[in-house]
Amino acid sequence: MLTEEITLRLVKEIKRFLLEDALALSRSSDEQLMVRIKEIIDHKLVHYEITPQEREKIARRVFSSLRGLGILDELLNDDSITEIMINGPENIFVEKDGQIYRYRRQFESEQHLLDIIQRIVGEAGKEVNQANPIVDTRIQKDGSRVNVVLPPISLAGPVVTIRKFSKKPMTVEKLLEYGSITPEVADFLQKLVRAKYNIFISGGTGSGKTTFLNALSNFIPGDERIITIEDSAELQIRQVENIVRLECRNANVQGKGEVDMAQLVKASLRMRPDRILIGEVRGKEVMDMIQALNTGHSGSLSTGHANSIEGMLKRLEAMFLQAVEVPVDAIRNQITEAIDIMIHVSRMQDGSRKVMEIAELSGLEDGVITTNPLFQYRTEEDGITGTLRATGNTLQNQEKLMISGHHLPQAYTWKEGQTS
């Protein structure tokens, strides 16, 4: 049985032999390269007692390091892993079922890790180097979101954080199965999406904001035209054929060519969208988004980073002010006219994601945005388990529902100790 240390040494040795003829290597197809790797293993490792399974494992690792993404290929193919954290070539951590574990393997060297980073970034048409040491991108084959930070910004060597996404898009049925929402809430949200209410989802890091937005997008009728705008493309909308996906672009090493989210929001308005879906707002693009929602683009969805609905409203104000200095009362008025429903999601202590609150923006009172809570998550004594329950408040603005022919129960009610 080969140890990890011996396996890594053998992989390096075979790679070194292959790289002696770099020209032949570059001209080989994937199939030809794999045949050549196995030939070398049979010749070079004749004195090692290795099983056929170990031989195949070494061959795959050599091939992956030359043509694939090295260790990342194994991690990306493991559906139980949701996050990959690389703190330099020797320190790899993964998240499974909400828990973080140290991975047993490591990269061959820092240069090998840098080569893989350049492969990922280059395939996405982006650049990362000492002049531009931070980049957000995605892995082309599966859409996983990637953040890279290089030295000298990172003191631990090249740092890579990868957020994986399920190969199958999130659906409302899965949210029900996971207990993130109740059937009552699913029916309520379906009616709101179909009636073209503007919905904003807030949550902390890793809370499932984009995942929830993706699930809500399943309610969008398939005959509509959708424009998605994201920093790095993550949304997986498959039931809509008429869809345009827009993605931001960083500036090149000369500082030119940047396309930010604000520019994409403006461009999307000229594309005759029925709805605009914005992956996550982080800055001055909030002003363009709010103005778009106030000029007839109903049914739009977006997300933002915050710890509560109230915190998200304050952040929206602050981001709006990054774009233009106007009275705060005017900003709050535009926000309440643009956004109909706020949804807050959170990651619980056990790693599960839950909807904590659904509220309607009901207007301004003494210059402050007021909310009408419709559903709230009520925890049990352990602080983890609980249920999303209706507050008993009625949705005040039902005009869009009536226009679209949808109807809600007169009021949602719940009693202490009961699920809704």
Side-chain angles (χ1 to χ4, degrees), residues 1-78 81 84-94 102-124 126-130 135 137-142 144 146 148-151 154 156-162 164:
M1 183 74 176
L2 297 179
T3 65
E4 175 61 25
E5 182 180 356
I6 294 175
T7 300
L8 184 59
R9 180 163 57 82
L10 294 177
V11 168
K12 288 181 178 180
E13 182 179 337
I14 295 166
K15 271 186 65 180
R16 187 164 52 249
F17 188 85
L18 280 165
L19 291 171
E20 289 177 0
D21 191 356
L23 181 60
L25 180 65
S26 65
R27 291 176 175 176
S28 299
S29 67
D30 288 351
E31 292 77 12
Q32 290 170 331
L33 176 59
M34 182 58 84
V35 169
R36 181 62 179 143
I37 290 171
K38 290 182 178 179
E39 288 176 349
I40 295 173
I41 290 174
D42 291 339
H43 176 67
K44 290 287 185 181
L45 306 187
V46 66
H47 300 299
Y48 287 87
E49 294 184 4
I50 60 174
T51 66
Q53 292 79 12
E54 289 173 329
R55 174 180 179 272
E56 186 66 27
K57 176 182 176 182
I58 292 172
R60 285 198 311 269
R61 286 181 61 169
V62 173
F63 178 87
S64 181
S65 66
L66 292 170
R67 290 280 172 87
L69 299 177
I71 295 172
L72 290 183
D73 283 333
E74 181 178 325
L75 297 175
L76 291 169
N77 289 328
D78 187 342
I81 294 175
I84 303 167
M85 293 151 277
I86 301 168
N87 308 334
E90 299 179 354
N91 299 297
I92 304 172
F93 298 85
V94 298
R102 189 184 184 105
Y103 190 55
R104 67 184 185 281
R105 290 175 57 189
Q106 62 186 46
F107 288 91
E108 298 170 24
S109 63
E110 182 169 314
Q111 185 58 50
H112 181 216
L113 174 55
L114 286 169
D115 291 342
I116 290 173
I117 290 172
Q118 293 299 340
R119 201 172 299 163
I120 293 171
V121 174
E123 287 179 354
K126 297 190 176 184
E127 294 179 300
V128 63
N129 45 49
Q130 284 193 340
V135 69
T137 185
R138 69 179 187 278
I139 295 175
Q140 295 297 297
K141 70 175 183 178
D142 68 357
S144 295
V146 181
V148 175
V149 181
L150 296 184
S154 164
V159 174
V160 185
T161 309
I162 302 175
K164 288 178 60 182

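As the structure is a computational prediction, the values presented were derived from the model and not from experiment.
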**OP:** Mind checking salt bridge (charged side-chain N to carboxylate O under 4.0 Å, His left out) for Arg119 and listing every partner two or more places apart, or none if nothing turns up?
**Re:** none
Original post:
Thr7 versus Arg61: any side-chain heavy-atom pair under 4.5 Å?
Top reply: yes
Subject >> Any donor-acceptor N/O pair, Glu123 side chain to Ile120 backbone, under 3.5 Å >> reply: no
Original post:
Can you list the residues that meet the side-chain hydrogen bond (donor to acceptor under 3.5 Å, both in side chains) rule with Glu90, with sequence neighbours excluded?
Top reply: none
**OP:** Please name all residues satisfying salt bridge (charged side-chain N to carboxylate O under 4.0 Å, His left out) with Arg104, sequence neighbours left out, ordered by chain then number.
**Re:** Glu74
Original post:
Are the side chains of Pro89 and Ser109 in touch, meaning some heavy atoms are under 4.5 Å apart?
Top reply: no
Subject >> Sidechain N-carboxylate O distance under 4.0 Å for Arg36, Glu39 >> reply: yes
**OP:** Please tell me if the side chains of Val160 and Ile84 come closer than 4.5 Å, counting only heavy atoms from C-beta onward.
**Re:** no
Subject >> Sequence-distant partners of Arg138, side-chain contact (heavy atoms from CB on, under 4.5 Å), two or more places apart >> reply: Gln140, Ala233, Glu247
Subject >> Residues in salt bridge (charged side-chain N to carboxylate O under 4.0 Å, His left out) contact with Lys38, at least two apart in sequence or another chain >> reply: Glu56
Subject >> Close side-chain approach of Thr161 to Val146, heavy-atom, < 4.5 Å >> reply: no
Subject >> Any residue meeting salt bridge (charged side-chain N to carboxylate O under 4.0 Å, His left out) with Asp78, in chain and number order, not counting sequence neighbours >> reply: Lys96
Original post:
With Ser144, which residues qualify under side-chain contact (heavy atoms from CB on, under 4.5 Å), at least two apart?
Top reply: Leu76, Ile139, Asp142, Ile162, Lys164
Subject >> Residues in side-chain hydrogen bond (donor to acceptor under 3.5 Å, both in side chains) contact with Arg102, at least two apart in sequence or another chain >> reply: Asn91
Subject >> Non-neighbouring partners of Asp115 that pass side-chain hydrogen bond (donor to acceptor under 3.5 Å, both in side chains), sequence neighbours left out >> reply: Gln111
Subject >> Non-hydrogen side-chain atoms of Val159 and Ile86 separated by less than 4.5 Å >> reply: no
**OP:** Kindly determine whether Ile92 and Leu75 satisfy side-chain contact (heavy atoms from CB on, under 4.5 Å), including the steps that lead there.
**Re:** CA-CA 10 Å; Ile92 304 172; Leu75 297 175; 4.2 Å; yes
Original post:
Excluding sequence neighbours, so at least two apart, what forms side-chain hydrogen bond (donor to acceptor under 3.5 Å, both in side chains) with Gln106?
Top reply: none
Original post:
Roughly how far, to the nearest 0.5 Å, is CG of Leu114 from CZ of Phe107?
Top reply: 10.5 Å
**OP:** Would you please name every residue forming a side-chain contact (heavy atoms from CB on, under 4.5 Å) with Glu5, sequence neighbours left out?
**Re:** Thr3
Subject >> Worked check of salt bridge (charged side-chain N to carboxylate O under 4.0 Å, His left out) between Arg60 and Asp73 >> reply: CA-CA 10 Å; Arg60 285 198 311 269; Asp73 283 333; over 6 Å; no
